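To start, the structure under review is shown below, and the notes come after it.
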Amino acid sequence: MAKVLTKKEEDFSQWYQDLVINADLAEYSPIKGCMIIKPYGYSLWEKIQQTLDKMFKETGHSNAYFPLFIPKSFFEKEAKHVEGFAKECAIVTHYRLKTDEINKKLLIDNDAKLEEELIIRPTSETIIWNTYRNWIKSYRDLPILINQWANVVRWEMRTRLFLRTTEFLWQEGHTAHATREEALEEAIKMLNIYAEFAEKYLAIPVVKGVKTPSERFAGADETFTIEALMQDGKALQAGTSHFLGQNFAKAFDVKFLNKKGELEYVWATSWGVSTRLIGALILTHSDNNGLVLPPAIAPINIVIIPIYKSDDQKTKVLEKCNEIYLELKNLGYSIKFDDRDNYTPGWKFNQYELQGIPIRLAFGPTDLVNNTIEVTRRDTLQKETISLSELLPKIKILLQDIQNNIFNKAKKFKEENTFIVNDFEEFKKKIENGGFFLAHWDGTPETEEILKNETKATIRCIPLETKEEEGFCMISKKKSKKRVLIARAY
RNA sequence: CGGGAUGUAGCGCAGUUGGUUUAGCGCACCUGCUUUGGGAGCAGGGGGUCGCCAGUUCGAGUCUGGCCAUCCCGACCA
């Protein structure tokens, strides 16, 4: 077999890049840090969108759309928010070009300078809360439960396909509530939706938790997160949900009259996941043969490949394949029939393994005689030739089995690579091999700083589902009541 | 922003101390025939401002200077 992928064991980072390119998910663009998402990669995003969108709507949210541009002054209104995003903003200063008559070059027309610069949104809290001011007068206007599917731009110094690009696609939910409790409940509800989505559909086991103050979203009172463990032992933040308190309401003067006729500031949340989830999907499940997709999110679940020699065989094989194809399609399976004859079956086998199609069916002359079909599952690469009459029940079972198997494998990996540590020196040795670490922390940013400087690891979150236990901070030896999740992260 | 590397056909690369012609090779692409159960073979064909600008020279893909761009590794971040 021709080598298309660098082996994971040789160079993990190179393997990841090779995979993204060769599975035809995305390619580099002429713009630094920006990628072109190709049809196959985009169809994955569409599956993510469709599934999440349904979950959002089932929990009472509606979609809307706000502008790409945000007046610079909006950013100045929430002090911590500016501080967090100022260093990575793209800014529009002019609205017209002109042609230099001498050398025919395009120049910026300095007469077309904007009165106020526009920021290309890195996130939309400011423009949305500026709008909510007009929408909210009374407690009867609350809650507002809005989501938007959009692109955002963050001028990051270092980018990686899907994991961190200058422009990326995401959804951002922005909700407004009458009470602190309700907003907090919303933030946790959305965190749970993200966790459910990650585990049930993406088959990625996650740890739900809350960020430490220094890792919080700029402008939030509390940031909730789902953290996943990648195959190379690094953590990936897969989704966040923020309890924004009254910070944006105060910054944008959004008040409502409560039942008692008193003016109060509105409580807020925001939450988002991005195309980074595609990166998470790759880094969690894929192998040296390529992508491995959970059936619940794979744009194509089954591919059928015909095999023949003579023209006579070709006619009969294609006819039978088409019959099988239509039958499965009508049953609602997403299936592709690849009848191209400019590629050999062997080429197709490799290509679809690279693209992670969960089930491959191969049908040839022998099957025609025996009334059989070859079924191969992508996750284990196990092949089986079964009678055609067994195909339907087999597929139903197999898809579920693949979904479970992928999830269980990832879960097992996470569990086997989650370590309890009490000693800092021991931690320093073990972190070199990656993994999740549960350790006591004294709760101070100073200790967090030491951890980061000495080990490059960070506190990913304070897990929601851990019991309190008496202990001593791994670094400062001060008293601590809870273990936190520590890892090196993407 | 620091460190490293690269820029020659769509992709991956070769091109020696400057002078072998019209700048090559593999993959991909087009045509034809034979093939097709794990990335097919043969024959023919198309495709290039050698990243950009300047300089040295009789002569530059090759040497010099400058610029630009991209990728990788760090710090920053979803």
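Please read all numbers here as calculations on a predicted model, not as lab measurements. Computed over heavy atoms, backbone and side chain alike; hydrogens, waters and symmetry mates excluded. Letters A, B, ... are given to chains in the order of the sequence lines, protein chains preceding strands, and every chain is numbered from 1.
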Touch class at under 4.0 angstrom, heavy-atom based, for A/K456 against every strand present: sugar-phosphate
Check: A/D338/A/Y325 side-chain N/O donor and acceptor closer than 3.5 Å: no
From B/G37, B/C76, B/G39, nucleotide with atom closest to A/Q351 side chain: B/G39
Sugar-phosphate only, base, or nothing, as touched by A/E156 at under 4.0 Å among non-hydrogen atoms: base
Shortest side-chain distance from A/K87, nucleotide among B/G37, B/G38, B/C76: B/C76
Test of ring centre spacing under 6.0 Å for A/W271 and A/F56: yes
Sugar-phosphate only, base, or nothing, as touched by A/D367 at under 4.0 Å among non-hydrogen atoms: base
Sugar-phosphate, base or nothing in reach of A/R340, heavy atoms under 4.0 Å: nothing
Same-atom distance (P) from B/A28 to B/C11, integer angstrom: 16 Å
Gap in Å between the two C1' atoms, one belonging to B/G10 and one to B/C33, rounded: 27 Å
Touch class at under 4.0 angstrom, heavy-atom based, for A/S274 against every strand present: base
A/I373 vs A/Y490, nearer the 5' end of RNA chain B by closest nucleotide: A/I373
Pairing partner of B/G46 (Watson-Crick or G-U wobble, both distances under 3.5 Å): none
Distance between C1' atoms of B/G47 and B/U22 (Å, rounded): 15 Å
A/E227 CD to B/A78 C1', straight-line distance once rounded to whole Å: 10 Å
Side-chain donor-acceptor pair present, A/T93, A/E117, cut-off under 3.5 Å: no
Parallel, tilted or perpendicular: ring planes of A/F248 versus A/H81, cut at 30 and 60 degrees: perpendicular
Polar side chain donor-acceptor pair, A/S124 to A/Q148, under 3.5 angstrom: yes
A/W149-A/D53 side chain donor-acceptor pair, cut-off 3.5 Å: yes
Geometric class of the A/F243/A/W267 ring pair [parallel <30°, tilted 30-60°, perpendicular >60°]: parallel
Between P of B/A78 and NZ of A/K211, the distance in whole Å: 8 Å
Touch class at under 4.0 angstrom, heavy-atom based, for A/T385 against every strand present: nothing
Length of the line joining A/N289:CG and B/G39:C1', which is rounded to integer Å: 12 Å
Partner nucleotide of B/G55 by Watson-Crick or wobble geometry (both distances under 3.5 Å): B/C63
Any donor-acceptor N/O pair under 3.5 Å between B/G39 base and A/T344 side chain: no
C1'-based separation of B/U20 from B/G15 [nearest Å]: 13 Å
For B/C27, the Watson-Crick or wobble partner whose two distances fall under 3.5 Å: B/G10
Touch class at under 4.0 angstrom, heavy-atom based, for A/S13 against every strand present: sugar-phosphate
Base-pairing assignment for B/A75 (Watson-Crick or G-U wobble, both under 3.5 Å): none
Touch class at under 4.0 angstrom, heavy-atom based, for A/P365 against every strand present: base
Whole-Å gap separating C1' (B/A78) and CH2 (A/W155): 17 Å
Nucleotide of B/G74, B/G37, B/G39 approaching A/N350 most closely (side-chain heavy atoms): B/G39
Test item: side-chain donor near acceptor, A/T269 and A/T175, under 3.5 Å: yes
Sugar-phosphate, base or nothing in reach of A/F168, heavy atoms under 4.0 Å: base
Pairing partner of B/C33 (Watson-Crick or G-U wobble, both distances under 3.5 Å): B/G41
A/K383 (side chain) and B/G38 (base): donor-acceptor pair under 3.5 Å: yes
Between B/G10 (C1') and A/E27 (CD): distance, integer Å: 10 Å
Whole-angstrom distance between B/C50 and B/A60, as gauged at atom C1': 11 Å
Whole-Å gap separating C1' (B/C27) and CD1 (A/I21): 16 Å
Spacing of A/I305 atom CD1 relative to B/G38 atom P, expressed in whole Å: 11 Å
Which nucleotide in B/A78, B/G39, B/G37 has an atom nearest any side-chain atom of A/T165: B/A78
Gap between atoms CG and P, on A/L52 and B/A78 respectively (whole Å): 19 Å
Sugar-phosphate only, base, or nothing, as touched by A/Q17 at under 4.0 Å among non-hydrogen atoms: sugar-phosphate
Pair partner, B/G18 [Watson-Crick or wobble, under 3.5 Å]: none
Counter-base of B/A5, judged by Watson-Crick or G-U geometry with both distances under 3.5 Å: B/U70
